[in-house]
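Notes follow once the structure below has been shown.
Every chain is numbered from 1, with letters handed out A, B, ... down the list of sequences.
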Amino acid sequence: MASEFFDKVYKVVRLIPEGKVTTYGHIARFLGETRSARVVGYAMNASHNDSSIPAHRVVNRSGVLTGKHFFTGSTLMQDLLESEGIKVIEDQVQSFESHLWNPIDHLDQEPFIDNIIG
DNA sequence: CACCTGACTGAAT
DNA sequence: AATTCAGCCAGGT
């Protein structure tokens, strides 16, 4: 059962393009809850069952795959990212900033984002 | 019903 | 520069 906040988190995560990643903090900030980054992570945990949510594209602010332990197998999260063209070494996304997709940067370009904030 | 914990982060010390 | 603290939400004990 997802709260309104969780629901928004899921919608944002689903918008992350292939080959891109974003962070818990960016999502939280985008939703106007800068300090709820932790809850974003918790939302991902809660959404663990929903395969439509590309949780592997969400990493922490350093580009580290903090949530990989929650994926089946020890390297699935990394494999998924690498299959999208993102190189990962020791749980750390390489060229992290160049792969970073910040939803806030797309506020003007992505009309459907308005639906999320609603 | 009170307390603890967790895929985090920015500010304060 | 490194470490600690507080804040956020939901679910479990």
Based on Watson-Crick and G-U pairs with both distances under 3.5 Å, what dot-bracket line describes DNA chain B 5' to 3', crossing pairs as [ ] and inter-strand pairs as |?
-> .|||||.||||||
Kindly indicate whether the side chain of [X], heavy atoms from C-beta on, has any atom under 4.5 Å from the side chain of [Y].
X	Y	result
A:Thr23	A:Val58	no
A:Val13	A:Met44	yes
A:Ser52	A:Arg14	yes

Can you tell me the distance, in whole Å, between the CZ atom of A:Phe5 and the C1' atom of C:dG7?
-> 12 Å
Here the distance between atom C1' of B:dG6 and atom CZ of A:Phe6, to the nearest Å, is 11 Å
For [Y], does its backbone N or O pair with a side-chain atom of [X] as donor and acceptor, under 3.5 Å?
X	Y	value
A:Lys87	A:Leu81	no
A:Gln94	A:Gln92	yes
A:Ser3	A:Phe6	yes
A:Tyr10	A:Asp50	no

Sub-4.0 Å heavy-atom contacts from [range] onto DNA chain B, ordered by number:
range	value
residues 52-64 of chain A	A:Ala55, A:Asn60, A:Arg61
residues 26-51 of chain A	A:Ala37, A:Arg38, A:Gly41, A:Tyr42, A:Met44, A:Asn45
residues 16-23 of chain A	A:Thr23
residues 69-84 of chain A	A:Phe70, A:Phe71

Pairwise P distance for C:dC8 and B:dA12, with rounding to whole Å = 15 Å
Rounded to whole angstrom, note down the P distance from B:dA7 over to C:dT13.
-> 15 Å
Are A:Phe5 and A:Ile104 connected in a single hydrophobic cluster, I mean Ile/Leu/Val/Met/Phe/Trp/Tyr linked by side-chain heavy atoms less than 4.5 Å apart?
-> yes
Could you tell me which residues satisfy salt bridge (charged side-chain N to carboxylate O under 4.0 Å, His left out) with A:Glu84, sequence neighbours excluded, listed by chain and number?
-> A:Arg57
Using the test salt bridge (charged side-chain N to carboxylate O under 4.0 Å, His left out), find all partners of A:Arg35 that sit at least two apart in sequence or belong to another chain.
-> none
So, is A:Ser3 close to the C:dC9 phosphate, meaning a side-chain N or O under 4.0 Å from OP1 or OP2?
-> no
Among all residues two or more places apart in sequence or in another chain, which pass the side chain to side chain contact (heavy atoms under 4.5 Å, CB included) test with A:Val12?
-> A:Ile27, A:Phe30, A:Leu31, A:Pro103, A:Ile116
What pairs of residues pass the salt bridge (Lys or Arg N to Asp or Glu O under 4.0 Å) test when at least one of them lies in residues 95-108 of chain A, not counting sequence neighbours?
-> none
Does any pair with a residue in residues 37-46 of chain A pass side-chain hydrogen bond (donor to acceptor under 3.5 Å, both in side chains), and if so which ones, sequence neighbours excluded?
-> none
Could you note down all residue pairs passing ring pair (Phe, Tyr, Trp, His ring centres under 6.0 Å) where residues 56-109 of chain A supplies at least one of them, sequence neighbours left out?
-> A:Trp101-A:His106
What side-chain donor-acceptor pairs closer than 3.5 Å can you find for residues 61-68 of chain A, not counting sequence neighbours?
residue: A:Thr66; atom: OG1; partner: A:Tyr24; partner atom: OH; Å: 3.4
residue: A:Lys68; atom: NZ; partner: A:Ser74; partner atom: O; Å: 3.4
residue: A:Lys68; atom: NZ; partner: A:Asp91; partner atom: OD1; Å: 3.2

